[in-house]
Structure formats: C-alpha cells, structure tokens
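Scroll down for the structure; my scribbles are underneath it.
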Number of protein chains: 2
Amino acid sequence: MSDLGARLRAQGKRLTSQRERVLAAVGRLGHGTPEEIADAVAGDGGSAVPASTVYRALDALQELGLVGHTHVDHRAPSYHLADHATHLHLVCRGCGWVGEVDLDAADELVTRVDERLGFAADVSHAAIHGLCRSCREKSS
Amino acid sequence: MSDLGARLRAQGKRLTSQRERVLAAVGRLGHGTPEEIADAVAGDGGSAVPASTVYRALDALQELGLVGHTHVDHRAPSYHLADHATHLHLVCRGCGWVGEVDLDAADELVTRVDERLGFAADVSHAAIHGLCRSCREKSS
DNA sequence: TTGAATGCAAAAAATTTGCATATTG
DNA sequence: CAATATGCAAATTTTTTGCATTCAA
C-alpha cells in the first residue's frame with residue numbers, strides 16, 4: 001500500500017527518481033501548485049526537474065490515487081497527498097480570505113453521497129466558496 | 001435586489017450592455033466557461049464581445065455576488081448564476097465522470113460551517129472529488 | 001464632464017506536446 | 001531488449017494588461 005514502486009508497476013508504469021521526489025515534495029509542502037512543487041523538488045538537493053516532468057509525475061501519482069488537488073484560488077490547482085486528510089477549505093468570494101474547517105463537518109455529506117450514488121467523496125481539501133463573516137455583513 | 005443597474009452603481013460600477021449580455025448568457029447556459037460564455041454572448045444577436053471584456057464582466061458580476069464559479073474539470077472555471085442553486089458536482093478522480101447530488105445533501109455542512117466560522121457557504125455548484133462507484137471497485 | 005468600461009493588440013501565465021535520448025524492468 | 005519517462009524546446013491555451021476611445025451617470 002505504501003510501496004510506490006509496486007503500485008506504479010501494477011499500472012504498467014515505472015518507478016523513477018523524479019516521481020519519488022515529486023511525491024516527497026508534495027508531502028513536505030502539504031499543499032502546492034505545480035510550480036511550487038517544482039521549486040521544492042529543485043531544492044531537495046538533486047538536480048532540477050523541468051515543469052513538464054512535474055506535471056506528468058503529478059498526473060501519474062494522481063492516477064494512482066496518491067495525490068489529489070483542489071482549486072483554492074482562481075488560477076492554481078493545489079496538490080496534496082491523498083491521505084493527508086485534514087480539513088477542507090472555505091474561500092470567501094468577496095475578499096479572498098481562505099479558512100479551514102475540520103473534515104467532520106462534512107461527514108453527513110459523505111454519507112449521503114455514498115448512499116445515493118455509491119460515490120466515495122474525498123472532501124479533504126475540497127474548496128467551498130461563499131462569504132466570510134465580514135463580507136457577509138457588508139453586503140447586508 | 002434584482003436591479004442590476006442599482007447594484008452595480010452601489011459599488012461605483014456602471015451598467016453596460018456587455019454586462020447585461022454576459023449575465024443573460026450565464027443564465028441561459030446554466031454553466032459555462034468564459035469561452036463558452038463569450039460564444040453565447042456572440043450568438044445573442046448583438047455584436048461579439050472580446051474575451052477580455054467577458055473576463056472583466058464576470059469579475060464584476062462575481063463581486064456583486066450575482067454569479068459564482070467552480071472548477072469541475074482541471075482547466076476551466078465554470079460560471080453560473082449565484083441564485084441558480086440546484087446541485088453540487090461530484091467529479092471522479094479516476095475516470096473524469098461528473099455527477100450531481102441535490103444540495104440538501106450538504107445541509108449539515110452548511111450549518112456547521114456557519115456555526116463554527118460564521119461563513120455563509122454556497123455549496124451550490126461546488127465540486128467534490130472522489131471515486132465513482134466503478135472506479136472504486138476497480139481500485140479494490 | 002469625468003471616471004469607468006470597452007476593444008484590441010500585445011504580454012503573461014500555465015499547460016501540453018513532439019521527439020530524440022536516457023532508463024527501468 | 002522493449003517500452004516507458006525524461007528533458008528541452010516549441011506550441012497551445014487561458015487570462016491579464018496597457019491604452020486610446022467610447023459611454024454611462
């Protein structure tokens with residue numbers, strides 16, 4: 001389950017140092033855009049990895065279900081470890097503020113979605129938009 | 001409340017035919033990427049509106065809280081009317097399948113987020129990622 | 001009037017793709 | 001060996017910006 005090599009091979013893919021480094025970088029960052037991940041990889045001692053390889057590595061790791069991503073702000077997918085399930089994001093449409101809530105807030109949602117469609121929702125890191133307390137008051 | 005002109009003026013903004021047409025197009029489409037919206041606007045009889053204006057109009061309408069957007073697939077924000085609250089999206093990480101569930105599935109989530117942070121969540125059209133029934137079985 | 005919004009064209013970003021070469025299994 | 005990934009550079013795609021001009025209030 002945690003054997004990256006085996007999981008990759010199971011899908012006809014291969015284990016490469018780049019993929020290991022990208023995965024490690026995502027874990028270190030917690031959250032990161034492809035660019036931030038590329039920077040993190042570049043800073044791990046090894047040689048730099050071109051953006052295209054980072055994108056391809058993230059795709060592969062995502063197909064494996066090891067990483068996932070969300071869109072916290074407009075233009076930037078943010079990747080994270082799939083098992084680093086901690087919270088979900090709240091993004092204010094008014095001021096851009098980003099907050100977090102514990103996953104248990106969505107327990108019922110997960111249950112219902114499973115019952116109704118057999119869908120295994122991964123709400124961790126999901127981004128929910130709306131208005132934060134202050135913007136809410138302003139727009140009376 | 002439904003007077004577009006007044007709402008715009010309240011924020012020092014102005015009512016223009018482009019903004020009216022963009023808003024109308026979003027309503028007609030239900031969901032749409034900026035590009036699709038631009039096409040829809042172009043097809044409403046009037047003259048074409050450049051992409052930059054569509055982007056600026058969407059920003060303005062979003063600031064007003066009249067429209068919102070979600071990221072259903074990787075690279076394409078999908079805009080919708082804020083009050084066209086109908087469902088939320090389920091996106092399969094494995095095969096890309098996109099399903100919908102009624103908003104009531106998230107009632108508890110909305111309540112909790114409000115209680116805990118005073119955040120007015122707009123789960124309508126939110127995108128929740130995970131695995132659909134079949135991909136779930138495959139990945140045993 | 002007068003500042004906000006538009007149209008266009010050019011500039012930035014952010015991704016993706018082609019292909020020869022290097023690597024993994 | 002054979003097939004998959006990488007590295008680079010070039011090509012796309014998507015969004016943003018600068019500015020002169022037009023238009024709403």
Atom NE2 of B:His71 to atom P of D:dT13: distance rounded to whole Å? 20 Å
Contact check, side chains of B:Leu4 and B:Leu64, non-hydrogen atoms, under 4.5 Å: yes
Kindly write out the residues that satisfy salt bridge (charged side-chain N to carboxylate O under 4.0 Å, His left out) with A:Glu63, not counting sequence neighbours, or none if the list is empty. A:Lys13
Separation of D:dT6 atom C1' from A:Glu20 atom CD, nearest Å, is 15 Å
Name every residue in residues 43-61 of chain A that has at least one heavy atom under 4.0 Å from any atom of DNA chain D, in order of residue number, or write none if there are no such residues. A:Val49, A:Pro50, A:Ser52, A:Thr53, A:Arg56
Interatomic distance, B:Glu36 CD vs D:dT13 P [rounded to whole Å]: 15 Å
When the distance from CZ of B:Arg19 to P of C:dA4 is rounded to whole Å, what number comes out? 11 Å
Atom pairs, protein N/O to nucleotides 21-25 of chain C N/O, distance under 3.5 Å:
from	atom 1	to	atom 2	distance (Å)
C:dT24	O2	A:Arg14	NH1	2.7
C:dG25	OP1	A:Arg9	NE	3.4

Among pairs that include at least one residue of residues 37-61 of chain A, which meet ring pair (Phe, Tyr, Trp, His ring centres under 6.0 Å), considering only residues two or more places apart or in two chains? none
Residues forming a side chain to side chain contact (heavy atoms under 4.5 Å, CB included) with A:Thr111, sequence neighbours excluded: A:Glu115
Terminal helix-axis angle for the helix from C:dT1-D:dA25 to C:dG25-D:dC1, with five pairs defining each axis and rounding to 10 degrees: 50°
More than 12 foreign heavy atoms under 6.0 Å from CD of A:Glu35: is that the case here? no
Which residues satisfy the ring-ring contact (aromatic ring centres under 6.0 Å, His included) test with B:His129, sequence neighbours excluded? A:His69
Identify every side-chain donor-acceptor pair in residues 15-26 of chain A under 3.5 Å, counting partners at least two apart or on other chains, and give the distances.
from	atom 1	to	atom 2	distance (Å)
A:Thr16	OG1	A:Arg19	N	3.2
A:Arg19	NH1	A:Arg14	O	2.8
A:Arg21	NE	A:Asp44	OD1	3.4
A:Arg21	NE	A:Asp44	OD2	2.9
A:Arg21	NH1	A:Ser47	O	3.1
A:Arg21	NH2	A:Val41	O	3.1
A:Arg21	NH2	A:Asp44	OD1	2.9
A:Arg21	NH2	A:Ser47	O	2.7

Can you list everything that forms a side-chain hydrogen bond (donor to acceptor under 3.5 Å, both in side chains) with A:Asp39? Sequence neighbours excluded, please. none
With sequence neighbours left out, what residues match B:Asp107 under salt bridge (charged side-chain N to carboxylate O under 4.0 Å, His left out)? none
Qualifying residues under side chain to side chain contact (heavy atoms under 4.5 Å, CB included), relative to A:Arg116, sequence neighbours excluded: A:Arg112, B:Val101, B:Asp102, B:Asp104, B:Ala105
What pairs with B:His31 under ring-ring contact (aromatic ring centres under 6.0 Å, His included), at least two apart in sequence or on another chain? B:His87, B:His89, B:His125
Would you mind reading off the distance between A:Glu35 atom CD and C:dT16 atom C1', rounded to a whole angstrom? 16 Å
Check whether any side-chain N or O of B:Gln18 sits under 4.0 Å from OP1 or OP2 of D:dC23, and answer yes or no. no
